[in-house]
Q: 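Dumping the structure here so I can ask a few things about it.
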2 protein chains.
Amino acid sequence: MARWQPDAPGRLAAAALDLFEEHGYENTTVIEIAEHAGLTKSTFFRYFPDKREVLFGGGTVTGLLVEGIASAPSTAGPLDVVADALDTLGRTFFTADRREFSRRRQAVLNATTELREREALKRIDLTASMIEALDRRGVPSLTARVAAQLGALVWEIAYDQWIDTGSPDNTDDFGTLARRALADVRATGALR
Amino acid sequence: MARWQPDAPGRLAAAALDLFEEHGYENTTVIEIAEHAGLTKSTFFRYFPDKREVLFGGGTVTGLLVEGIASAPSTAGPLDVVADALDTLGRTFFTADRREFSRRRQAVLNATTELREREALKRIDLTASMIEALDRRGVPSLTARVAAQLGALVWEIAYDQWIDTGSPDNTDDFGTLARRALADVRATGALR
DNA sequence: GCCAGTGATGGGACTTGGTCTCATCGACCC
DNA sequence: GGGTCGATGAGACCAAGTCCCATCACTGGC
């Protein structure tokens, strides 16, 4: 029964995003998502541990960032290491063809507390991964925490700008935006 | 029926913490919590929007912190404003008599992903509140974001130390720990 | 003292997320 | 052709969360 079809999780994620946009996250049932993808509830929960996770598919981002931190050149400070890693991320993941999807996804996330909650957890876990990665580079523990925290902020700023439709001249890639955001953050001199 | 008894939410929260410690969050039912407090499921959900929230009772902390930021003296930098506010918080909320409760609560939180998730959301919302409060003081937007982010980190460090049983000589109050943490964060010079 | 109103609670039906177990089907291999 | 394996479907089941209505205790006015 039900012959195999390619990329079940991908179809589920796409169906979910469509339905969330149309009816809202809370007014969409897992069964509806599954049916919309030509599958069933059983299969949905085989690929995603819960309903929220369908919009957080690839844990790949964390891996890429950690890799980026590990393989960054020995530059001046830990924040530059993070900036290098964000640049790598921009070239390997936050590519132009993913922008429209990211934009749609983010709009749904921002509209739903339950999803913002999951996003918050992901962010904290990601920050923890950054700290570990900096630790492995020999960065002192507290310095690593500060750098990771600021790195997360730089990420957030750059991501918002990358997604932003407002400015039509916004063709900068993610890495460029991240570098600029870091420079701005530095310029605040908030640590003084 | 069921005569009135004082402080229903308080009894629910206490019962919840007891049961979570004994059987774990996921192995504890809302019905069990309610019965343990001499109440019912209906009453539980009358006081808490969901099961997680029973451990996040007072939204008072945010209010206190925001107040603290608003009423801080015009000191050198925004980070000092935050430190002042944390000091106020230490005197008004993180008092010695709340330490044991906080310790038990935090142990439960750390053990459960679902609760860590809620905690992460609270932290982000709190950070947003700090940013607004700094904005109202006229702090430039980006500077406020950086300061709030670092303030959250300082909070985390101080809170962990305040709760920590490990060091027996740990009788410092929350505000003192926060000031020391801020000094340490500054000393890393991670922005350079 | 009685009665009506009010506020806190209880009770139970109902929806949905999430788990679990077992059956089914198609592909592939011998 | 039969057996195995991987992916899926089906359905029972539990707990979270929502809703609506009944019930009780207390209160104030008459």
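A, B, ... follow the sequence lines: proteins, then strands. Residue 1 opens every chain. The shown structure was predicted, so the numbers you read here are calculated from the model rather than taken from an experiment.
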Q: Please state whether the phosphate of D:dG11, meaning OP1 or OP2, lies under 4.0 angstrom from any side-chain nitrogen or oxygen of A:S42.
A: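 So the side-chain polar atoms of A:S42 never come under 4.0 Å of the phosphate oxygens OP1 or OP2 of D:dG11.
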Q: Would one find a side-chain N or O of B:Y47 under 4.0 angstrom from OP1 or OP2 of C:dT9?
A: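 True: B:Y47 side-chain N/O within range (under 4.0 Å) of C:dT9 OP1/OP2.
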Q: Are B:R11 and C:dT9 close enough that a side-chain N or O sits under 4.0 Å from OP1 or OP2?
A: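 Answer is no, no contact under 4.0 Å.
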Q: Do A:D50 and A:R118 have side chains that get closer than 4.5 Å, going by heavy atoms?
A: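 A side-chain contact under 4.5 Å exists here.
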Q: Expressed as a whole number of angstroms, how long is the span from A:E117:CD to D:dA16:C1'?
A: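 Taking CD of A:E117 and C1' of D:dA16, I get 14 Å after rounding.
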Q: Quick one: label A:T29 by what it contacts on the DNA or RNA (base, sugar-phosphate, nothing), any heavy atom closer than 4.0 Å.
A: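 It contacts sugar-phosphate atoms only.
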Q: To the nearest angstrom, how far is A:I33 atom CD1 from C:dT16 atom P?
A: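 Nearest whole value for this atom pair: 12 Å.
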Q: Separation of B:E26 atom CD from C:dT19 atom C1', in whole Å?
A: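 Whole-Å distance recorded here is 13 Å.
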Q: Would you mind telling me which residue lines up with the more 5' stretch of DNA chain C, B:K41 or A:P49, judged by nearest nucleotide?
A: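 Nearest-nucleotide comparison on DNA chain C picks B:K41.
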Q: Starting at atom CD of B:E114, determine the distance to atom P of D:dA15, rounded to an integer number of angstrom.
A: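 Between P of D:dA15 and CD of B:E114: 14 Å.
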Q: Closest approach to the side chain of A:F45, judged atom by atom: which nucleotide of D:dT8, C:dG17, D:dA16 is it?
A: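 Of the candidates, C:dG17 comes closest.
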Q: Which listed nucleotide (C:dG18, D:dA16, D:dT8) is nearest to the side chain of B:K51?
A: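 The closest nucleotide is D:dA16.
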Q: Give a yes or no on whether the backbone of A:D160 and the side-chain of A:D164 come within a donor-acceptor separation of less than 3.5 Å.
A: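 No, A:D164 side chain to A:D160 backbone: no donor-acceptor pair under 3.5 Å.
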Q: Quick one about B:Q106 and B:E119 (side-chain donor to acceptor, distance below 3.5 Å, no hydrogens or angles considered), yes or no?
A: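 Checked: B:E119/B:Q106 side chains pair up, N/O donor to acceptor below 3.5 Å.
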Q: Regarding B:R98 and the six-membered ring of B:F93, is the cationic atom NZ or CZ under 6.0 Å from the ring centre and inside 45° of its axis?
A: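 Flagged: B:R98 positioned over aromatic ring of B:F93.
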Q: When you get a sec, tell me which of D:dG9, C:dG11, D:dT18 is the closest nucleotide to the side chain of B:T40?
A: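 Closest nucleotide among those given: C:dG11.
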Q: Output the rounded distance in Å from CG (A:L12) to P (D:dA7).
A: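 My rounded result for the distance is 14 Å.
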Q: Measure from CD1 on B:I31 to C1' on D:dG17 and round the result to the nearest Å.
A: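 The distance from CD1 of B:I31 to C1' of D:dG17 comes to 11 Å, rounded to the nearest Å.
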Q: DNA chain C: A:V30 or B:R46, which has the more 5' nearest nucleotide?
A: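 Taking each residue's closest nucleotide, the earlier one in sequence belongs to B:R46.
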Q: Restricting to non-hydrogen atoms, name the atom on A:A147 and the atom on A:L134 that form the minimum distance, rounded to 0.1 Å.
A: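 Minimum heavy-atom separation between A:A147 and A:L134: CB-CD1, 4.0 Å.
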Q: Distance check needed: D:dA7 P versus A:L39 CG, whole Å only.
A: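 Whole-Å distance recorded here is 13 Å.
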Q: Could you state the CZ-P distance from B:F44 to C:dG11, rounded to the nearest angstrom?
A: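 Value for this atom pair: 17 Å.
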